[in-house]
Enquirer: 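Following this message is one structure expressed as structure tokens.
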Amino acid sequence: MITKQQVEAFGSIETPFYFYDMDLLRQTLECYKAQIDKYGYNAHYALKANANDRIIDTIRSYGLGADCVSGNEVKLAVRSGFDPQKIVYAGVGKSDKEIKAALRAGIFSFNCESVPEIKIINDLAAGMGKRARISIRVNPDIDAHTHKYISTGLKENKFGISPWAFQEVAGLLSCCKNIEFLGLHFHVGSQITELPVFALLCRRIEELQRWFIEHEIPIRNLNLGGGLGINYQDPIGDPVAHFEDYFKLIHQNLVVRPGQNVHFEPGRALVGQCGHLISRVLYVKVGREKKFAILDAGMNDLIRPALYQAYHDIENLTSTGRKLRYDVVGPVCESSDCWGTRRMISACKRGDLFAIHSAGAYGQVMAMKYNQRDLAKAVYSDDLK
Ligand SMILES: *Cc1c(COP(=O)(O)O)cnc(C)c1O
């Protein structure tokens, strides 16, 4: 929740900007850490959700590793002080240059997404006189019941290797001398709020790892990826993701064999709720049928509504008066630059400060300069004290 004092401090800051509640981030990380320690699980933060230095440093200070999806994310993770032995690297299109840099950095695991990728990693490692540790990202064909653009584990998605290719993978693993096989990796989608999806994933993992064990290929690691959702509808009432329920369900459903390590890659669930996009009302335009609140923040600052039809709670921070119905829109010349239609919000006027909540994940990191707009800056709660 944004405090009165914080709103006062916002008065002198140029809008729009991202506000990060670092207390909430730490509180979230404490809950998360307590749960993974309870079960002896390992975690790698998915840098792509939010790559701000201060956020990354805070997460690293809780002992998490990094989950990267590009060569530059691997570089950033190393530069930010993550232990290379805790860096995992996924992505369907790793370039030779990216693979070589990750080999030089000595990362923990390449999460391989195709048969030809395994071969190329082996060849590049051989050329450098190295051995690459790899895991197989498996496409388990599971419906995550989330938006189609953030579903990744269905057979029609581009991600991962399908079980019908396992025989070919097994052949490669036995002949590729510069590869060390660690285990299986999964990531079936993002903003998953129906926990039974993860129980289904656990059952699929057991079926799939059996294939390898029956073929005498040991599985040392099981990486379940990320995807746990947050409450976009009620970010103030429900600010911390339901880690306890999630890990309890995983613990009850995942078959873990002696000596196996279990890994996770949380992104959104760690950083989503600590970020808010703060904006000012530029104009209230009253039409015959509706009222528009026109903000100075646009889809270039936070693209989720335009890209995924995502819902973000919107609050008038200046007034708590009687609520009226508004269509809240941004200034960018696109009809999809809309924060929400028919939203009940305390009556607003020019200059009022609005918070677009739950903007910490896939927000600032996706910002762009479309319409030649400036990039919104970050403000951290620790600096306002
Ligand atoms: C994006 C991503 C994650 C994090 O997903 P969230 O839904 O933000 O938790 C984890 N693993 C991989 C491979 C990813 O691409």
Side-chain angles (χ1 to χ4, degrees), residues 25 28-29 32 35-36 41-51 55-56 59 64-74 76-77 86-94 98 102 107-114 117 134-140 142 144-154 157-161 183-195 197-198 201 205 221-232 240-243 246-247 250 262-275 304 307-308 310 358-366:
L25 176 61
T28 306
L29 285 164
Y32 191 83
Q35 290 301 315
I36 56 170
Y41 295 154
N42 305 281
H44 311 264
Y45 167 59
L47 283 190
K48 76 172 187 292
N50 185 311
I55 304 279
I56 293 178
I59 294 172
L64 274 70
D67 166 41
C68 304
V69 290
S70 75
N72 283 348
E73 281 193 357
V74 173
L76 174 62
K86 290 184 182 175
I87 298 178
V88 294
Y89 175 20
V92 293
K94 301 178 187 77
E98 290 177 308
I107 64 165
F108 175 63
S109 178
F110 288 87
N111 293 335
C112 295
E113 307 223 15
S114 65
E117 181 192 329
I134 71 156
S135 305
I136 302 300
R137 176 170 181 174
V138 179
N139 184 325
I142 280 178
H145 297 286
T146 184
H147 191 274
K148 68 178 191 307
Y149 286 1
I150 50 177
S151 280
T152 54
L154 280 167
N157 294 132
K158 68 178 175 179
F159 299 97
I161 296 176
L184 304 180
H185 171 243
F186 302 83
H187 174 67
V188 296
S190 201
Q191 185 51 20
I192 299 168
T193 51
E194 293 174 29
L195 284 185
V197 168
F198 293 107
L201 173 63
I205 289 175
N221 291 317
L222 295 173
N223 183 335
L224 279 69
L228 178 62
I230 59 170
N231 193 337
Y232 282 94
V240 179
H242 300 181
F243 299 128
Y246 170 74
F247 284 113
I250 302 270
V262 181
H263 294 248
F264 293 88
E265 300 168 339
R268 185 193 314 271
L270 295 183
V271 296
Q273 299 291 27
C274 76
R304 298 191 66 258
L307 188 60
Y308 313 122
S358 316
Y362 308 105
Q364 197 176 1
V365 78
M366 283 195 187

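Here, residue 1 is the first one in the sequence, and each next residue gets the next number. In each ligand, atom 1 is the first atom listed, and ligand 1 is the first ligand listed. Values below: all heavy atoms of this structure, side chains included; hydrogens, waters and symmetry mates excluded.
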Enquirer: Can you tell me how the ring of Tyr246 sits relative to the ring of Phe264, calling it parallel under 30°, perpendicular over 60° and tilted otherwise?
Expert: perpendicular
Enquirer: Measure and list all N/O to N/O distances between ligand 1 and the protein that fall under 3.5 angstrom.
Expert:
unit_1   : atom_1 : unit_2 : atom_2 : d
ligand 1 : 7 (O)  : Ser190 : OG     : 2.3
ligand 1 : 7 (O)  : Gly227 : N      : 3.3
ligand 1 : 8 (O)  : Arg268 : N      : 2.7
ligand 1 : 8 (O)  : Tyr362 : OH     : 2.5
ligand 1 : 9 (O)  : Gly227 : N      : 2.8
ligand 1 : 9 (O)  : Gly267 : N      : 3.0
ligand 1 : 11 (N) : Asp67  : OD2    : 3.0
ligand 1 : 11 (N) : Glu265 : OE1    : 2.7
ligand 1 : 15 (O) : Lys48  : NZ     : 2.7

Enquirer: Is it the case that Asn223 and Glu265 place a side-chain donor and acceptor less than 3.5 Å from each other?
Expert: yes
Enquirer: Could I get the full list of ring pair (Phe, Tyr, Trp, His ring centres under 6.0 Å) partners for Phe159, not counting sequence neighbours?
Expert: none
Enquirer: Salt bridge check: are Lys94 and Glu117 linked by an N-O gap of less than 4.0 Å?
Expert: yes
Enquirer: Identify, with sequence neighbours excluded, every residue that meets salt bridge (Lys or Arg N to Asp or Glu O under 4.0 Å) alongside Glu98.
Expert: none
Enquirer: Apply side-chain hydrogen bond (donor to acceptor under 3.5 Å, both in side chains) to Ser135 and list each qualifying residue two or more places apart in sequence or on a separate chain.
Expert: Ser109
